[in-house]
Number of protein chains: 2
Amino acid sequence: MRLVVAECSARYSGRLTAHLPLATRLLVVKADGSVLLHSDGGSYKPLNWMSPPCTMSVGEPDDEARSRGVVEVWTVQHRKSDDRLEIELHATHHDSAHDLGVDPGLIKDGVEAHLQEMLAAQIELLGDGHTLVRREYMTAIGPVDILAKDGEGGSVAVEIKRRGDIDGVEQLTRYLELMNRDPLLAPVRGVFAAQEIKPQARVLATDRGISCLVLDYDAMRGVDDVDSRLF
Amino acid sequence: MRLVVAECSARYSGRLTAHLPLATRLLVVKADGSVLLHSDGGSYKPLNWMSPPCTMSVGEPDDEARSRGVVEVWTVQHRKSDDRLEIELHATHHDSAHDLGVDPGLIKDGVEAHLQEMLAAQIELLGDGHTLVRREYMTAIGPVDILAKDGEGGSVAVEIKRRGDIDGVEQLTRYLELMNRDPLLAPVRGVFAAQEIKPQARVLATDRGISCLVLDYDAMRGVDDVDSRLF
DNA sequence: CGTTTCATGTCGACT
DNA sequence: AGTCGACGTGAAACG
């Protein structure tokens with residue numbers, strides 16, 4: 001990985017045409033040839049970039065460019081499309097190269113998955129008499145996290161989220177709509193379960209006759225641990 | 001902007017929970033406190049990050065962490081949510097800070113470029129006797145959209161926007177300031193041309209002696225088509 | 001400020 | 001390789 005801090009201007013053409021006026025920026029050249037052009041603010045998205053696979057070539061400025069103070073011209077060309085990024089470098093303030101090696105990558109900890117496991121194991125949290133039918137109950141539009149039956153034999157569909165937002169309620173609503181068309185299942189009641197339920201989501205859920213269940217992760221894990229110790 | 005290349009591991013919790021195993025990575029701390037964690041490959045998206053507004057605090061590792069080789073602990077906390085990024089730094093290979101200043105940002109040439117072409121072809125829209133000098137007239141701070149001469153031989157710098165906002169007037173003002181320092185060009189008059197000019201922008205432009213020109217895209221394209229048919 | 005739509009979306013899973 | 005859907009989507013335009 002090469003890091004350069006330099007005054008530069010850039011021109012991108014490909015899916016759109018754009019340019020960056022002269023300013024001081026961070027240029028990152030990754031091992032796979034990809035290039036990022038970052039400013040000192042904004043988000044994680046670069047001002048401009050070229051994704052791999054691509055090839056970078058360093059060239060000399062022509063006379064016109066040199067008269068504008070350009071010292072070096074980088075041309076980054078995508079290998080599979082005609083996307084092209086041209087960077088004109090003026091003064092360079094920093095330039096260093098580093099060997100980073102291969103990255104193991106991000107590992108997403110499935111808190112949601114864990115909550116699902118634990119709620120399946122502690123299904124009585126839904127209410128007395130509830131029994132588990134199955135986890136990841138498949139429907140035409142995707143798997144419902146948990147399908148259960150209540151004490152009276154009615155079906156209960158549970159959607160689990162770490163953070164209970166409106167989107168989750170919408171998702172559960174779609175499932176319920178579909179499942180209630182199935183005479184073998186209907187009527188299906190909905191339960192929206194999450195570690196934290198946003199007020200708006202609670203209002204929407206309640207309005208649609210969906211119950212809300214706040215899950216206490218630590219308490220549930222405690223119960224889980226006790227259960228494990230019994231074996 | 002601070003650049004650090006270090007062996008590190010990280011843990012993010014917020015909209016999801018995830019972690020990064022120990023590896024050598026680039027850490028970027030931007031002026032607004034945001035943090036990016038990049039590997040030497042992939043795309044422009046960091047492995048992990050924290051968007052502004054957020055606060056970074058540097059701490060000492062506890063005994064357990066120190067025994068694992070942790071030298072420093074960075075805690076990046078989002079100001080408006082409970083999103084949190086914790087980075088454990090082991091060996092540091094590089095550490096440098098740079099003052100980048102404010103970035104003018106990316107300029108997308110979409111409809112704008114087309115308007116520029118058409119105005120260059122119909123330069124008399126600026127007024128009788130006007131002639132085109134060149135498009136994309138290069139200056140130290142970026143290209144002026146159109147440089148023209150009026151009937152009396154005076155220079156005219158034209159800034160073209162799809163939507164004429166205050167930013168565009170500011171940009172043209174910077175160009176004019178620079179160009180009027182060049183004795184070969186001065187005095188340079190400014191014209192702010194756009195499909196639609198916001199009232200505020202018009203007031204500011206007028207106040208600075210910059211003329212406003214509303215461009216009728218469809219009418220201009222009509223003329224363009226007629227021109228094409230002549231050939 | 002909330003809401004909706006766009007993106008050089010990116011990214012992964014599956015056909 | 002092409003398609004589809006989720007994303008820590010983010011970002012800009014709009015009311």
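Letters A, B, ... mirror the listed sequences (proteins, then strands); counts begin at 1.
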To the nearest Å, how far apart are [X] [atom1] and [N] [atom2]?
X        : N      : atom1 : atom2 : result
A:Arg163 : D:dT9  : CZ    : C1'   : 14 Å
B:Lys161 : D:dA12 : NZ    : P     : 14 Å
A:Leu204 : C:dT3  : CG    : P     : 12 Å
A:Trp49  : C:dA7  : CH2   : C1'   : 8 Å
A:Tyr44  : C:dT8  : OH    : P     : 13 Å
A:Glu159 : D:dA6  : CD    : C1'   : 14 Å
B:Leu47  : D:dC7  : CG    : P     : 19 Å
A:Ile107 : C:dG12 : CD1   : C1'   : 16 Å

Worksheet entry | With sequence neighbours excluded, residues passing side chain to side chain contact (heavy atoms under 4.5 Å, CB included) with B:Ile210 |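 For B:Ile210, the residues satisfying side chain to side chain contact (heavy atoms under 4.5 Å, CB included) (neighbours in sequence not counted) are B:Val169, B:Leu172, B:Thr173, B:Leu176, B:Phe192, B:Ala205, B:Arg208.
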Practice prompt. Could you pick out which residue, A:Gln200 or B:Leu106, lies toward the 5' side of DNA chain C when each is mapped onto its nearest nucleotide?
Written response: A:Gln200
Item to complete: Report yes if a side-chain nitrogen or oxygen of B:Lys108 is closer than 4.0 Å to either non-bridging phosphate oxygen (OP1 or OP2) of C:dT8; otherwise report no.
Response: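 It does, given that an N or O in the side chain of B:Lys108 lies less than 4.0 Å from OP1 or OP2 of C:dT8.
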Item to complete: Considering just the side-chain nitrogens and oxygens of B:Lys45, establish if one lies under 4.0 Å of OP1 or OP2 belonging to C:dG9.
Response: no
Discussion item. I want to verify a distance call: between C:dT10, D:dA11, C:dT8, whose nearest atom is closest to the A:Ser43 side chain?
Written reply: D:dA11
Worksheet item: Between C:dG9, D:dA1, C:dT8, which one does the side chain of A:Lys80 approach most closely?
Response: D:dA1
Worksheet item: With distance as the sole test, does A:Asp40 use its side chain to make a donor-acceptor pair with the main-chain N or O of B:Met1 at under 3.5 Å?
Response: yes
Discussion item. Which residues in residues 4-15 of chain B have a heavy atom closer than 4.0 Å to any atom of DNA chain D?
Written reply: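 Those residues are B:Tyr12, B:Arg15.
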Salt-bridge test for [X] and [Y]: reply yes if a basic N is under 4.0 Å from a carboxylate O, no otherwise.
X       : Y        : answer
A:Arg25 : B:Asp103 : yes
A:Arg68 : A:Glu64  : yes
B:Asp83 : A:Arg163 : yes
A:Asp95 : A:Arg2   : yes

Worksheet item: On a whole-Å scale, what distance lies between the C1' atoms belonging to C:dA7 and D:dA6?
Response: 15 Å
Worksheet entry | Check: A:His94 ring centre within less than 6.0 Å of B:His98 ring centre | yes
Worksheet item: Contact class for A:Ile166 vs. all strands (heavy atom < 4.0 Å): base, sugar-phosphate, or nothing?
Response: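 If one applies the 4.0 Å heavy-atom cut-off, A:Ile166 turns out to touch nothing in the nucleic acid.
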